[in-house]
Visitor: 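Take a look at the following structure, please.
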Amino acid sequence: MMPGYRGGNHSGGNNRDYQYRVPPSWSPETESHYPFRAYMTDVSLWMVLTDLQPHQQCAAIVARLGGAARDMARMLTPQELMHGGQLVAGGPTVDPVAYLLGSLHARFSTC
């Protein structure tokens with residue numbers, strides 16, 4: 001159900017090896033067989049499963065991104081990785097994972 005769990009394989013197969021400390025991987029280049037929407041569902045399931053703290057989840061997710069998504073995530077500051085930030089100027093501060101996923105959604109979601 002979570003493609004890309006082993007060795008960065010983006011096969012989109014039926015890999016059901018849930019690793020509670022390793023989030024699913026995703027790259028915009030895999031959009032045709034592993035859509036961003038499916039990735040968001042899978043990473044949400046992983047967030048429920050893992051025992052990592054939000055800042056650790058954020059770092060783990062960044063480490064499993066590829067391509068332009070990884071480049072974008074690497075631009076997050078250490079402050080944003082630890083504490084999150086505002087997705088909209090003047091809006092509420094959100095936790096690091098919500099900040100990262102919201103930023104990815106704004107850039108890569110087709111919905």
Side-chain angles (χ1 to χ4, degrees):
M1 182 162 180
M2 289 194 189
Y5 251 28
R6 292 221 171 197
N9 179 4
H10 300 289
S11 65
N14 290 325
N15 188 345
R16 295 177 188 245
D17 293 334
Y18 284 68
Q19 297 181 18
Y20 74 101
R21 293 221 162 174
V22 180
S25 62
W26 185 80
S27 172
E29 292 78 15
T30 64
E31 181 68 27
S32 64
H33 66 275
Y34 187 32
F36 182 74
R37 183 178 178 143
Y39 168 73
M40 289 294 282
T41 299
D42 291 346
V43 82
S44 295
L45 291 170
W46 173 80
M47 289 167 50
V48 172
L49 181 66
T50 190
D51 63 352
L52 298 176
Q53 297 297 312
H55 67 281
Q56 295 170 313
Q57 291 177 25
C58 187
I61 292 167
V62 168
R64 299 283 290 165
L65 293 172
R70 185 178 188 107
D71 293 341
M72 183 182 132
R74 284 181 169 169
M75 293 188 330
L76 294 177
T77 66
Q79 178 77 11
E80 291 167 331
L81 286 170
M82 287 295 296
H83 304 290
Q86 295 176 327
L87 289 170
V88 178
T93 299
V94 296
D95 69 81
V97 177
Y99 186 71
L100 171 63
L101 295 180
S103 299
L104 290 171
H105 185 271
R107 171 63 178 87
F108 297 106
S109 177
T110 57
C111 301

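Values below: every heavy atom of this structure, side chains too, minus hydrogens, waters and symmetry copies.
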Visitor: Identify the two heavy atoms, one from P28 and one from G66, that lie closest to each other, and give their separation to 0.1 Å.
Guide: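 Taking every non-hydrogen atom into account, CD-O, 3.4 Å.
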Visitor: Could you tell me the separation between the CD1 atom of I61 and the OH atom of Y39, rounded to the nearest 0.5 Å?
Guide: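 Nearest 0.5 Å value for the CD1-OH distance: 5.0 Å.
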Visitor: Quick one: do M82 and V62 end up in the same hydrophobic cluster if we chain Ile, Leu, Val, Met, Phe, Trp and Tyr together by side-chain heavy atoms under 4.5 Å apart?
Guide: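 Each belongs to a different hydrophobic cluster.
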Visitor: Mind listing the closest non-hydrogen atom pair of T50 and R21 along with its distance?
Guide: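 Closest approach of T50 to R21: OG1-CA, 4.2 Å.
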Visitor: I'd like to know if M72 and L100 are part of one continuous hydrophobic network [Ile/Leu/Val/Met/Phe/Trp/Tyr, side-chain heavy atoms within less than 4.5 Å].
Guide: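 Linked, L100 and M72 end up in one cluster.
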Visitor: Given side chain to side chain contact (heavy atoms under 4.5 Å, CB included), test F108 with E31 step by step and report yes or no.
Guide: CA-CA 9 Å; F108 297 106; E31 181 68 27; 5.9 Å; no
Visitor: Please state whether the rings of F36 and W26 are parallel, tilted or perpendicular, taking 30° and 60° as the class boundaries.
Guide: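 Ring orientation, 0 to 90° scale: perpendicular.
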Visitor: Can you see which heavy atom on R64 is nearest to which on V22, and at what distance?
Guide: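 Closest approach of R64 to V22: NE-CG1, 3.7 Å.
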Visitor: Looking at CD of Q53 and SG of C58, how far apart are the two atoms once the value is rounded to the nearest 0.5 Å?
Guide: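 Going from the CD atom of Q53 to the SG atom of C58 covers 13.0 Å.
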Visitor: Under 3.5 Å, which donor-acceptor pairs do the side chains of residues 83-99 form with other protein atoms, sequence neighbours left out?
Guide:
from, atom 1, to, atom 2, distance (Å)
Q86, NE2, G91, O, 2.8
D95, OD1, V97, N, 2.9
D95, OD1, A98, N, 3.0
Y99, OH, E80, OE2, 2.8

Visitor: Hey, does L52 have a side-chain heavy atom less than 4.5 Å from the side chain of M47?
Guide: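 The answer is no; the side chains never approach within 4.5 Å.
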Visitor: Could you check D42 against Y34 for side chain to side chain contact (heavy atoms under 4.5 Å, CB included), going step by step and ending with a plain yes or no?
Guide: CA-CA 11 Å; D42 291 346; Y34 187 32; 2.7 Å; yes
